[in-house]
Every structure is written in C-alpha cells, then in structure tokens.
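I have placed the structure first, in the form of structure tokens, so that the comments after it can refer back to it.
Here the structure is a predicted model, which is why all the values come from computation and not from measurement.
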Amino acid sequence: MQSQTIDAGLEVEFASGDDRIRGVVHAPDRSPSPALVLLPDVRGISPLYLELAARFAGAGFRTLVLDIYSREGTPDLADMAAAFSVIDALPDARVIADVQAAVHHLAERPEVHASAVGVVGFCVGGQYAMMAACRVAGLAACVAFYGMLRHRTVAQHKLPPPLDTFDDLSCPLLGLFGAEDGLIPREDVESFARHLAHAGKTFDVRIFEGAGHAFVNDRRPEAYRPEAAETALSLAIEFLYERLA
C-alpha cells in the first residue's frame, strides 16, 4: 500500500470501492498512535496542508492528507469563480466514501489505535469533515476550520449540508470560524451551535473576531490572521488530544 517517500511525507494508495485513491502521510515518532484524515481546501493537496499534517504528526497523530481528486487530477483554479464551480460540482457521496476508505485504511494499520481516528478539514474540506462526522463509521472526533454550513446550490449530487444534519453528528466536534467570513454568515454559525446544543451533542464552536475565511492560510496574506491561526491550531490539537490520545 505504501509506495515512495516524497519530500513532505509518505505517499500512500488504497482502495475506495472499485477505485484506487491516494494520500500523503506524516507519521509521529511513537507507535501505535491516534490518527487523522486531513481534508484540504478546494485546491487540494498543497505545501500548506503537508506542513499542517507535519504539525499534527509532531503532536502525536498519524495524519493522512487525502487527495479527493485522485481520479481526475487536481483542478487548475484560475480564480474564485473557478473554485466555486469545482465545489458546486463535487459529488458529495463519492467524497464521503473516500473519507470512509481513508478511515478504514488508517484503522487497519498496526501503527494506529483503531478506535482513535479523527477527521480535520479546511474550507470545503471542513464542510466535508462535518458531513463525514454525520455519515462515516469509525470517527472519534472532528475538527472543522471554516467549513461551509450550507451549499451554494441545491443539486442531486449534493448531500444535505451540516446545518441540516446536526442531529446525525456521531462524534465530538470542534468548529473554528471567522467572524468576518463572507462565505459563512455568523448567524449560521450561531444557529448551528444552538441546534447542536439542543440536540445534546458534544461540541465546541469558536468564532474569531477580526478573522474571515481561510484565516489559517499563510499563503494568502489578505486572509491570514497569525494570532487567530495559532490559537485555532492549538485548540484543535488540544481537542484532538483529549478525544483521541
């Protein structure tokens, strides 16, 4: 299942249904360990997410950065319009099935505590992390960084979004949002938290003042908020350590 060592992790390949899909793994120093499936933003696997995977691995989590574009290849996104077009076209059921396959792949590894696998996602990856926490077996924790709570459009290939499936949440959730996120209205975040509380779910939702969408992304100077990013990442690691380690 493991192929070659690359500069920023170990490339792996495993089955998802009849397909073979890919990812990149960063491993902690000790074994066995808890594990994470990391879902990047719409641009797919990039140096940012490999660095974040290395950080999670350094905190003790075997971290698999999942390539949701394993079949068709990473899209070339010239602008935000192209990014939204790709998000709108992503087949949700396929992505969720790939997350399930990644959880299964990790849980089978002798280096992993099978009952201690979580999911972490950013942007559309954060949305899929929350959707997976309502649908994927074997998840023990979920962290979503500015994951969209709604879909922009209703389509047959889109599953109900997080705002519509809070009752199905099956593991503890940490949601990290920016107060000035143009893609995720603050009122949606507050409504989501109220619904989770009413449903008796285990969760923590944090809203960072002065931060917008993608505030962890240091490749986007207009979006990056160093203090919020560091606080959010530290909260994520603490939350995951409590739930998984």
Side-chain angles (χ1 to χ4, degrees), residues 1-16 20-41 44-68 70 95-122 125-126 128-130 132-133 135-145 147 169-176 202-204 216 229-245:
M1 282 187 279
Q2 295 185 344
S3 54
Q4 60 179 328
T5 300
I6 60 176
D7 288 343
L10 184 69
E11 191 174 349
V12 297
E13 183 180 294
F14 50 94
S16 179
R20 301 291 293 177
I21 62 173
R22 297 183 297 275
V24 178
V25 168
H26 273 274
D29 292 335
R30 56 183 180 271
S31 176
S33 70
L36 301 173
V37 178
L38 191 154
L39 304 175
D41 65 32
I45 297 177
S46 69
L48 169 66
Y49 296 107
L50 297 177
E51 290 168 12
L52 288 169
R55 177 166 178 167
F56 285 118
F61 304 96
R62 185 177 183 88
T63 304
L64 189 164
V65 188
L66 182 63
D67 182 3
I68 66 169
S70 291
V95 176
I96 296 301
D98 286 354
V99 176
Q100 181 70 78
V103 170
H104 184 68
H105 167 77
L106 287 169
E108 281 193 321
R109 302 293 303 174
E111 306 94 341
V112 170
H113 290 298
S115 62
V117 180
V119 63
V120 178
F122 298 78
Y128 280 126
M130 290 185 284
R135 296 171 173 89
V136 168
L139 284 174
C142 172
V143 177
F145 288 81
L169 182 68
S170 61
C171 65
L173 165 70
L174 174 63
L176 303 160
T202 301
F203 75 98
D204 186 4
V216 173
E230 187 57 37
T231 300
L233 288 166
S234 296
L235 284 170
I237 289 170
E238 180 181 355
F239 176 87
L240 292 166
Y241 192 82
E242 289 175 354
R243 302 298 174 181
L244 301 180

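In plain terms, the two heavy atoms of P110 and S31 that are nearest each other are O-OG, 4.5 Å. Here the shortest heavy-atom pairing between A97 and S16 reads O-OG, 3.7 Å. What you find for A140 and R243 is that their closest heavy atoms are O-CB, 4.3 Å. When all heavy atoms of L240 and A141 are compared, the pair lying nearest together is CD2-CB, 4.0 Å.
Residues F122 and L48 form no side-chain contact, since every pair of their non-hydrogen atoms from C-beta on lies 4.5 Å or further apart. Using a 4.5 Å cut-off on side-chain heavy atoms (C-beta onward), S33 and E111 make no contact. Residues L233 and L52 form a side-chain contact, since some pair of their non-hydrogen atoms from C-beta on lies under 4.5 Å apart. Taking the side chain as every heavy atom from C-beta outward, L176 and T231 never approach each other to under 4.5 Å. A heavy-atom distance below 4.5 Å is not found between the side chains of S234 and E238.
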Assess the residue pair V119 and V136 against the criterion (side chain to side chain contact (heavy atoms under 4.5 Å, CB included)); give the C-alpha distance rounded to whole Å, side-chain angles, the decisive distance to 0.1 Å, and a yes or no.
CA-CA 10 Å; V119 63; V136 168; over 6 Å; no
Verify side chain to side chain contact (heavy atoms under 4.5 Å, CB included) between V143 and L235, making sure each step is shown before the conclusion.
CA-CA 10 Å; V143 177; L235 284 170; over 6 Å; no
Check step by step if side chain to side chain contact (heavy atoms under 4.5 Å, CB included) holds for I45 and L50.
CA-CA 7 Å; I45 297 177; L50 297 177; 3.9 Å; yes
As a quick check of understanding, evaluate side chain to side chain contact (heavy atoms under 4.5 Å, CB included) for V120 and F61, giving each step before the final call.
CA-CA 11 Å; V120 178; F61 304 96; over 6 Å; no
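Judged purely by atom type and a 3.5 angstrom limit, Q100 uses its side chain to pair as donor or acceptor with the backbone of A137. Checking side-chain atoms of S170 against main-chain N and O of A133 turns up a donor-acceptor pair under 3.5 Å. In this structure a side-chain-to-backbone donor-acceptor pair under 3.5 Å is present from S70 to R22.
Taking the six-membered ring where the residue is Trp, H105 and F14 present parallel rings, their angle staying beneath 30° rather than reaching 60°.
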